[in-house]
Amino acid sequence: MGGVVGKGDSPKKTWVPETKLEAKMVEAMQRRASEGSAMKSFNSIILKFPKIDESLRNCKAIFQQFDDDSNGAIDHEELKRCFHKLEISFSEEEINDLFEACDINEDLGMKFNEFIVLLCLVYLLKEDPTALQAVSKKSRMGMPNLEATFETLVDAFVFLDKNKDGYVSKSEMVHAINETTAGERSSGRIAMKRFEEMDWDKNGMVNFKEFLFAFTRWVGIDDIEDEEEEGEEKV
């Protein structure tokens, strides 16, 4: 799992991205963080869950459109055709890096939630950082409704990343939740649980990809696949 490398036993302030893709994610997020976040509290993120959930579930049609063999996963060749159709101009190396980063089960095919994460990373990494600042401007990926949802997810990460270094640390997560639930004893436990759900490689820092995978679980995107697989088994 991608992440950051800490030298020695004690964590240092400088975190080193493990891959070229992660370095690009961090750089793009730092650039985006300089614009600030419209989010005012962790609760304001939670209140957007239903709308985000609905928008991401509407991606299912896009996913099925590019799953040429209808096997419930998008393989490497299908992804290349998807990029071509959406006019996303990434190099072969960038496509390979994205595929490898998002195929978290390493089963050579992206499931629906992995595909959503990949599209959101593409949105973040597209070359035009000001593309969404005016609604009248051209859509980055030809999917304006979905991109508005991706922008909300980027905004949520920026809100959590208080020091604007492109990662969310445990202390930043605690700070964000304490702002919302000041005085509640359970707030620390809630923050820790949410953070642990994001920090897959247990290195104490969460990058945008880890955040996205946790988010798809929070809004129940994984449940769609589980329900469908169960349905197929019964048939």
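- The aromatic rings of F215 and W218 are tilted relative to each other, their planes meeting at an angle between 30° and 60°.
- Of the inter-residue distances, the one linking M205 atom CE with F195 atom CZ reads 7.5 Å to the nearest 0.5 angstrom.
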I62/F115 under side-chain contact (heavy atoms from CB on, under 4.5 Å): CA gap, chis, key distance, verdict: CA-CA 10 Å; I62 301 168; F115 180 65; 4.1 Å; yes
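- Contact detail for C102 and L121: the closest heavy-atom pair is SG-CD1, 3.9 Å.
- Looking only at atom types and distance, the side chain of E22 has a donor-acceptor partner in the side chain of Y167 under 3.5 Å away.
- Put simply, the side chain of T152 gets close to the backbone of A148: a donor and an acceptor are under 3.5 Å apart.
- When every heavy atom of I104 is checked against every heavy atom of A101, the shortest pair comes out as CG2-O, 3.8 Å.
- Between the side chain of E196 and the backbone N or O of K193 there is no donor-acceptor pair closer than 3.5 Å.
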Please assess D69 against E78 for the test side-chain contact (heavy atoms from CB on, under 4.5 Å), listing each intermediate value before the final yes or no. CA-CA 9 Å; D69 54 12; E78 288 170 335; 3.1 Å; yes
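- Listed by chain and residue number, E94 satisfy the side chain to side chain donor-acceptor pair (under 3.5 Å) test with K24 (two or more places apart in sequence, or in another chain).
- The CZ atom of R81 sits 7.0 Å away from atom CG of D75, with the distance rounded to the nearest 0.5 Å.
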Decide side-chain contact (heavy atoms from CB on, under 4.5 Å) for F42 and M173; before the verdict, give the C-alpha distance in whole Å, the side-chain angles of both, and the deciding distance to 0.1 Å. CA-CA 9 Å; F42 194 74; M173 192 70 185; 3.6 Å; yes
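- Taking SG of C82 as the start and CD1 of I95 as the end, the distance is 9.5 Å to the nearest 0.5 Å.
- Listed by chain and number, the residues in a side chain to side chain donor-acceptor pair (under 3.5 Å) with N96 are H76 (sequence neighbours excluded).
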One pair to check against side-chain contact (heavy atoms from CB on, under 4.5 Å): K164 and V158. What are the steps and the verdict? CA-CA 7 Å; K164 301 180 171 42; V158 169; 5.8 Å; no
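- Going from atom CG of L146 over to atom CD1 of I116 covers 8.0 Å, rounded to the nearest 0.5 Å.
- Of all heavy-atom pairs spanning G109 and D103, the tightest one is O-OD1, 3.1 Å.
- Scanning all heavy atoms of the two residues, the minimum distance from D161 to G166 falls at OD2-N, 2.8 Å.
- With a 4.5 Å cut-off on side-chain heavy atoms, F159 and D155 do not count as touching.
- Atom NE2 of H84 is separated from atom CZ of F66 by 10.5 Å, given to the nearest 0.5 angstrom.
- The side chain to side chain donor-acceptor pair (under 3.5 Å) test applied to S70 returns no partner, not counting sequence neighbours.
- Using a 4.5 Å cut-off on side-chain heavy atoms (C-beta onward), F112 and T216 make no contact.
- Between F208 atom CZ and M25 atom CE the span is 9.0 Å, to the nearest 0.5 Å.
- Using a 4.5 Å heavy-atom threshold, the side chains of D97 and T19 count as separate.
- Taking every heavy atom of both residues into account, Q65 and K85 meet most closely at NE2-NZ, 3.2 Å.
- The environment of NZ in K162 is crowded: more than 12 heavy-atom neighbours from other residues, nucleotides or ligands sit within 6.0 Å.
- Inter-residue side-chain proximity for F211 and M198 is flagged as met; some heavy-atom pair is nearer than 4.5 Å.
- Taking the side chain as every heavy atom from C-beta outward, R32 and E151 approach each other to under 4.5 Å.
- Between F99 and M110 the shortest side-chain heavy-atom distance falls below 4.5 Å.
- With respect to the salt-bridge test (charged N to carboxylate O, under 4.0 angstrom), the residues K80 and E77 qualify.
- Considering only heavy atoms from C-beta on, L153 stays 4.5 Å or farther from F157 through its side chain.
- Contact of the E210 side chain with the D201 side chain is registered, since non-hydrogen atoms from C-beta on lie closer than 4.5 Å.
- Residues G72 and D67 share a closest heavy-atom pair of N-OD2, 2.8 Å.
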